[in-house]
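The sequence lines fix the lettering, A, B, ..., with proteins before strands; numbering per chain opens at 1.
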Amino acid sequence: MTELTYLKAFNDGLRQMMDADPDIFVVGEDVARKGGVFGSYTGLIDAFGERRMVDTPISEQAIVGLGIGAAVCGLRPVVDLMFMDFVLVAMDQLANQAAKLKYMFGGSARLPVTIATNGGAGLSAAAQHSQSLEAMLCHVPGLKVVMPSTPYDMKGLLIACLRDDNPTVLVKNKRMFGVKGDVPAELYEVPIGEARVARPGADVTVVAYSRMVTESLKAADELAADGIDCEVIDLRSVQPLDIETVVSSARKTNRIVVVHEAVRFAGLGAEIAAQVSEHAFDYLDAPVARVAAPFAPVPFSPALESRYVPDASRIAAQIRTTLDRA
Amino acid sequence: MTGLSHEVLRDIHRRMVRIRLFEEAAGRIFEAGRMPGFIHLYVGQEAVAAGVCAALRDDDQVSSTHRGHGHLVAKGGDLSRMMAELMGKATGYCGGKGGSMHVSDLDLNMLGANGIVGGGVPIAVGAGFANKYRASGAVSVAFFGDGATNIGAFHEAANMAAALELPVLFVCENNEYAEYTPRDQTMAIADVVERAAAYGMPGTKVDGMDPVAVFEATTAAAGRARAGAGPSFIECKTYRYYNHHGVQTLGMKYRSDDEVQQWRAKDPIPRHEDLMVGAGAMTPDGIEAVRAEIAAEVEAAIEFAEQSPLPDPDDLLADVYSGPAGGRQPLPPP
């Protein structure tokens, strides 16, 4: 075990996988010479050269399309989309091409392409550089979407994505780049589609992913002082979903709060609430609650943005309400 | 007179006739209501697919369009599996999951017809990237229409291929109409090839009703790409005899019957047959024999498709993902 940051865990896992597999290359804006605008790819140009670290024009459709074409021809591209917001610019290639080619071709295609991107608010990056758009991606059959919350999961999920023969989207959270944690030196996978219980508890289930896991754990610590015992589930993957872990926990605690940074309307919380009601309706002692961003673009000013993004205190307040202990 | 060998001339001819007879049969079956969905027939444009694909190696990839049957046939596609796919049968190229707009054969390096205009162009660039990455010497071809050169994906892909010096051929089938809108309503230039210069790639304009001209332009562009000199653009002036969709040919508001007749007078197949006879590459009897042989192949394809089973509805969810979809479903309540 070594202590690495969330961002270095990505870099470390990618470097090891590129060492192991000559078919892996990285393509995107500013990935090679600059090492990625956030430093995701620092040093990789020195290790792998311009053949495998490819700077491109600002052309998200063509970048994703290049990844698709190369993947269909047997390579294993890592496609970098600098901000998750830019997924929208590439949406035809992602949703109409990458996600569907295998199915439309009757199964003959393999698309081992990993889209790595950076999402989340809280940096005063405003409405076009802060979004959490995972619900849109989860809605498209054929894609897988992972959103790690720790350095350990970052490396393990990245490796799982790189070994997967489907188009996967790995979303880093921009406010977590410097967060440190223990990361094994060797290659390991965190399986796509398996949640983890980040904190066991008995009174209420809090379901979160990405940075909201950290905020949920903070809320749980705060509530523990009042004798409230929260179980926090980290989904880790949002497509496919590990609904089994969520439902098992809901059947145990009888109360559930879903937390995400994305807007509340038609977000992952809605899907989870629906599935919990399908599978655990008779166990619930309170409605499924959601803590999420309001239905507005992400604002710029810190004064507005701090109201916009969910945090531990809002999560704690919702948990108290759900437990009828407000 | 062409300098092409008799063998190449016959090869081009066979590819064109296979497209023509397959497409006309597909149109008849569609018209009879025995084929679901949409159909975008390639008839009239055969010289492009045949001329390009005859000039390619087997390991060269092509990406295609919504009007993609001709590209798969020209790449050597199996007419039976194609017809079965068009009829939504389990034995089709895509097991009935794709249909006309998604016929593909990755074993033939045909990366699929594509229902999104311009959508296949970046994919061909990715194939070109893979060829360069592996130094395989293969090239990729993006087929697209004049209409596709107005969509962003085309421009991004053309610039990308040029900037990264990828072995890609951009083959524009300029049939003068973006669906039902004439070219002069959709762009302010007469020749799409003018766009190539903006990306720093050489462009050639050829008679897209002349397969020999298409073959020669492709050979030159592919040679350039294989030598590491990057992408090229070939504009083929051509025409589709049928409507954008379906089997109507005349009496349409957006184009005149005279215009259709003028283009049909330039039909690439009899023109190429005359050339072959003149060059001593084939006799009129030989041509008839080829046509009869391919007509029988098409009849066999129809028979195969009609006799084939429909897909099992239980296969609906197969092939969404490679391997297990993942995720875990809830256990029943204890």
Side-chain angles (χ1 to χ4, degrees), chain A residues 25 27 51-52 54 56-57 59-75 77 92-93 96-97 101-112 141-142 144 164-166 191-195 237 239-248 251 275 278-280 282-283, chain B residues 61 63 85 92-99 101-107 109 111-112 114-116 118-131 133-134 140 152-153 155-161 163-164 166 318-334:
Chain A
F25 68 97
V27 61
R51 176 170 170 269
R52 298 180 67 190
V54 184
T56 68
S59 304
E60 280 80 8
Q61 293 189 71
I63 294 166
V64 175
L66 188 154
I68 296 167
V72 169
C73 293
L75 299 181
D92 173 62
Q93 289 294 321
N96 280 328
Q97 311 293 342
L101 285 194
K102 180 183 177 62
Y103 191 81
M104 294 190 303
F105 294 177
S108 62
R110 282 190 315 141
L111 281 134
K144 296 184 179 182
D164 202 287
D165 279 342
N166 297 287
I192 297 173
E194 290 188 18
S237 302
Q239 181 61 265
L241 261 183
D242 177 358
I243 202 69
E244 180 198 335
T245 296
V246 174
V247 165
S248 299
R251 286 174 182 158
Q275 293 210 36
E278 286 161 5
H279 299 294
D282 292 337
Y283 293 81
Chain B
Q61 306 94 346
S63 77
E85 186 59 34
Y93 260 118
C94 314
K97 286 181 171 136
M101 280 191 283
H102 306 296
V103 286
S104 59
D105 187 338
L106 299 183
D107 293 335
N109 292 301
L111 308 183
N114 204 305
I116 305 294
V121 183
I123 295 172
V125 170
F129 180 92
N131 295 335
Y133 190 89
R134 292 183 165 137
S140 63
H155 294 276
E156 291 192 13
N159 182 61
M160 180 85 80
L164 301 183
L166 302 179
D319 305 322
V320 179
Y321 291 97
S322 292
R328 291 194 287 214
Q329 289 306 307
L331 303 170

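- Annotation: side chain of Ser140(B) is in contact with side chain of Asn131(B) (closest heavy-atom distance under 4.5 Å).
- Taken from CG in Leu166(B) to OH in Tyr133(B), the straight-line distance is 13.5 Å, to the nearest 0.5 Å.
- Within the 4.5 Å cutoff, the side chain of Arg251(A) has heavy atoms near those of the His279(A) side chain.
- Contacts between Val27(A) and chain B at a heavy-atom distance below 4.5 Å are absent for every atom of the residue.
- Note on Asn114(B), Val125(B), Val103(B): by heavy-atom pairs under 4.5 Å with chain A, the leading option is Asn114(B).
- Separation of atoms OG (Ser63(B)) and CD1 (Ile123(B)) is listed at 7.0 Å; rounding is to 0.5 Å.
- The most heavy-atom pairs under 4.5 Å with chain A, out of Cys94(B), Ala130(B), Ser322(B), come from Ser322(B).
- Considering every non-hydrogen atom in both Ser104(B) and Tyr93(B), the closest pair reads O-CD2, 3.2 Å.
- Nearest heavy-atom pair across Gln239(A) and Tyr321(B) is CG-OH, 4.1 Å.
- Among Ala153(B), Gly95(B), Gly152(B), the residue with the largest count of heavy-atom pairs under 4.5 Å with chain A is Ala153(B).
- For Ile243(A), the parts lying under 4.5 angstrom from a heavy atom of chain B are both the backbone and the side chain.
- Chain B forms more heavy-atom pairs under 4.5 Å with one residue of Asp92(A), Val246(A), Ile68(A), Ile192(A) than with any other, namely Asp92(A).
- Proximity to chain A (any heavy atom under 4.5 Å) is restricted, for Leu164(B), to the side chain, taken from C-beta onward.
- For a residue to count as touching a neighbouring chain, one of its non-hydrogen atoms must lie under 4.5 Å from one of that chain's; by this rule Ala325(B) touches chain A with the backbone only.
- With a 4.5 Å cut-off on non-hydrogen atoms, Leu101(A) touches chain B through its side chain but not through its backbone.
- Highest contact tally toward chain A, considering only His155(B), Met101(B), Arg134(B), is held by Arg134(B) [criterion: heavy-atom pairs under 4.5 Å].
- Nearest heavy atoms, Ala157(B) versus Ala62(A): N-CB, 3.9 Å.
- Proximity to chain B (any heavy atom under 4.5 Å) is restricted, for Gln97(A), to the side chain, taken from C-beta onward.
- Top candidate by heavy-atom pairs under 4.5 Å with chain B, chosen from Arg110(A), Gln93(A), Glu278(A), is Gln93(A).
- Residue contact with chain B, scored on non-hydrogen atoms closer than 4.5 Å, involves the backbone and the side chain of Asp242(A) alike.
- With sequence neighbours excluded, no residue forms a salt bridge (Lys or Arg N to Asp or Glu O under 4.0 Å) with Asp105(B).
- Within the 4.5 Å cutoff, the side chain of Met160(B) has heavy atoms near those of the Thr56(A) side chain.
- In this structure, the portion of Ala318(B) lying under 4.5 Å from any heavy atom of chain A is its backbone and not its side chain.
- No other option in Gln61(B), Arg328(B), Lys97(B) has as many heavy-atom pairs under 4.5 Å with chain A as Arg328(B).
- At least one donor-acceptor pair under 3.5 Å links the side chain of Glu156(B) to the backbone N or O of Gln61(A).
- Looking only at heavy-atom pairs under 4.5 Å with chain B, the residue among Ala280(A), Pro57(A), Ser59(A) that has the most is Ser59(A).
- Side-chain contact between Val72(A) and Leu111(A) is present, with heavy atoms from C-beta onward closer than 4.5 Å.
- Phe105(A) and Gly112(B) get closest at one heavy-atom pair: CZ-CA, 3.6 Å.
- Of the residues considered (Ser237(A), Ala109(A), Ala195(A), Cys73(A)), Cys73(A) shows the highest number of contacts with chain B, using heavy-atom pairs under 4.5 Å.
- In this structure, the portions of Leu331(B) lying under 4.5 Å from any heavy atom of chain A include both its backbone and its side chain.
- Using a 4.5 Å cut-off between heavy atoms, Asp165(A) contacts chain B through both its backbone and its side chain.
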